[in-house]
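FYI, side chains are in, hydrogens and waters are out, and symmetry mates aren't considered; it's all heavy atoms of this structure. A, B, ... follow the sequence lines: proteins, then strands. Residue 1 opens every chain.
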There are 2 protein chains.
Amino acid sequence: MTLELSVDRSSPVPLYFQLSQQLEAAIEHGTLTPGSLLGNEIELAARLGLSRPTVRQAIQSLVDKGLLVRRRGVGTQVVHSQVKRPLELSSLYDDLEAAGQRPATRVLVNTFVSATAEIAAALGVAEGSDVHQVERLRLAHGEPMAYLCNYLPPALLDLDTAQLETTGLYRMMRAAGITLHSARQTIGARAATVDEADRLAEQEGAPLLTMQRVTFDDTGRAVEYGTHTYRPTRYSFEFQLLVRP
Amino acid sequence: MTLELSVDRSSPVPLYFQLSQQLEAAIEHGTLTPGSLLGNEIELAARLGLSRPTVRQAIQSLVDKGLLVRRRGVGTQVVHSQVKRPLELSSLYDDLEAAGQRPATRVLVNTFVSATAEIAAALGVAEGSDVHQVERLRLAHGEPMAYLCNYLPPALLDLDTAQLETTGLYRMMRAAGITLHSARQTIGARAATVDEADRLAEQEGAPLLTMQRVTFDDTGRAVEYGTHTYRPTRYSFEFQLLVRP
DNA sequence: TCAATGCGTATGTCCGGACAATCTGACTAC
DNA sequence: GTAGTCAGATTGTCCGGACATACGCATTGA
């Protein structure tokens, strides 16, 4: 099996990136079968007319993604499949859309409120200062799936209600030039209150899946604090995670 | 502010690792304050008597950890704190111990069973073949916190009951020379059945937090399949996650 | 006053080479 | 036959340099 690889030096795309993409595609496509050796780096570099550091950089990025495993003295192997993708900081909207679920959003509240101590602590603003509040109901197949309550620092973003109904919050932030960096999440469960049950078409006392999240941009600012409740019969958190070596 | 950095060339510890550890310690300790610039790589390399690639490798590892942010034309900045540590593939036992909770384990079942279709699919073994089954009750402060049901491929590990009561399953696997690589997890919630309620000292119908996990080693083998239920009043999943750039 | 331009600075990418550490497998000695 | 030893293969670490690219700021121009 030959595995055709080539790079375009006239392209503005970095060489290591071109290579890693081709390797990833070959793994995805099954051309590179799980467990098979990738061939040594030096020979691979020579074959492509690249230097070894460049090839290493390409391979390293796939190792970080969990697709490849390196063993000193042995070689680089394709991981025995099962790997889909590591946990990403994704929005529920994107997740649903990617799963072909046709998400819909109903904006219940889109206003400013005075920050409580809890909100102020999460967003790093002064208690009592004005913050955006957005309450949304997320539906899939016409059925309520989650109730999302979010708070944002003021003047960070234009929160157009119409736009909120057709896309996700994260997508709007990215479009506004905000570089998301990290988030702190807590996932738990509790019994539904009367109000929660009403909103999600559940019964009082029914188990709900809860998630709280504070998201930070790359300057360290908190850009969003959210309290979400999900119907566990309709949604669960599913993800892959890698062991940090 | 000077920030003393030095490397020991006689040490077997890689130079880039020595440097990244010192930088991480300085960030942790507050010597490097959030938002401050790290100083350019070339000058830093010259000051330490290292090459730029080595310095870059050290910095890159901290960028991957989410502690630093690089900006072309600007420099490398310390992220505005809040970052603790990304989601790790950790065992409940280690988590509790790290939190100073003094975990205790009661092994309820430690035997072999015939693999059901579900177990066989998760572990990648033949349906009906023998697999290890371990059922444990995890306690903290004498109160039941979680009920753990795990299945393992046979002949992978010696599952000593006494050892299971004093340590975690992951620690035993690592000690047995198994290199954990990745895991696929699902977190959800549901109402407790009579049996579950009984085991966890809850009431029937009480909300429970559930987690299913399949863990793989670096050869791609499934090494563990687990179905866990947690008392949401006693435990929730808390973690930090980074945006893949 | 405000926008466009240019320059310095810092990271991003890439090269070619060198030696060390580790694993596998074959060979050798007992 | 078994265990220890050695050689080859492959990745890990490190060096020194070169040019490209993007950002911020000061200068310049309308």
How close or far is atom [atom2] of [N] from atom [atom1] of [X], stated in whole angstroms?
{"X": "L15(A)", "N": "dT21(D)", "atom1": "CG", "atom2": "P", "result": "12 Å"}
{"X": "Q57(A)", "N": "dT13(D)", "atom1": "CD", "atom2": "P", "result": "15 Å"}
{"X": "R9(A)", "N": "dC19(D)", "atom1": "CZ", "atom2": "P", "result": "15 Å"}
{"X": "F17(B)", "N": "dA21(C)", "atom1": "CZ", "atom2": "P", "result": "17 Å"}
{"X": "I42(A)", "N": "dA20(C)", "atom1": "CD1", "atom2": "P", "result": "15 Å"}
{"X": "L50(A)", "N": "dG16(C)", "atom1": "CG", "atom2": "C1'", "result": "13 Å"}
{"X": "L48(A)", "N": "dG16(C)", "atom1": "CG", "atom2": "C1'", "result": "16 Å"}
{"X": "Q18(B)", "N": "dC14(D)", "atom1": "CD", "atom2": "C1'", "result": "13 Å"}

Near-ring test Y151(A)/H132(A), centroid separation under 6.0 angstrom: no
Of the nucleotides [options], which one has an atom closest to the side chain of [X]?
{"X": "Y16(B)", "options": "dT13(D), dA21(C), dT13(C)", "answer": "dT13(D)"}
{"X": "E41(B)", "options": "dT13(D), dC15(D), dG12(C)", "answer": "dG12(C)"}
{"X": "R72(A)", "options": "dA21(C), dG16(D), dC15(C)", "answer": "dA21(C)"}
{"X": "R56(A)", "options": "dT11(D), dC14(D), dC15(C)", "answer": "dT11(D)"}
{"X": "V74(A)", "options": "dT24(C), dT13(D), dT11(C)", "answer": "dT24(C)"}

Is atom CZ of F237(A) surrounded by more than 12 heavy atoms (other residues, nucleotides or ligands) closer than 6.0 Å? yes
Could you say whether R71(B) or N40(A) is positioned toward the 5' end of DNA chain D, judged by the nucleotide with the nearest heavy atom to each? N40(A)
By nearest nucleotide on DNA chain D, pick out whichever of S51(B) and R70(A) is the more 5' one. R70(A)
Kindly say if T76(B) contacts the phosphate of dA10(C), meaning a side-chain N or O under 4.0 Å from OP1 or OP2. no
Side-chain donor-acceptor pair under 3.5 Å between D217(B) and T179(B), yes or no? no
Testing the 3.5 Å rule here: is there a donor-acceptor pair between the side chains of Q60(A) and Y16(A)? no
Would you classify P53(B) as touching base, sugar-phosphate or nothing, given that sugar-phosphate means primed atoms plus P, OP1 and OP2, and contacts are heavy atoms under 4.0 Å? base
Return yes if the base of dG12(C) and the side-chain atoms of R52(B) contain a donor-acceptor N/O pair under 3.5 Å, otherwise no. yes
Between E43(A) and R52(A), is the closest basic N to carboxylate O distance under 4.0 Å? no
Reading DNA chain C from 5' onward, which residue's closest nucleotide shows up sooner: P12(B) or G49(A)? G49(A)
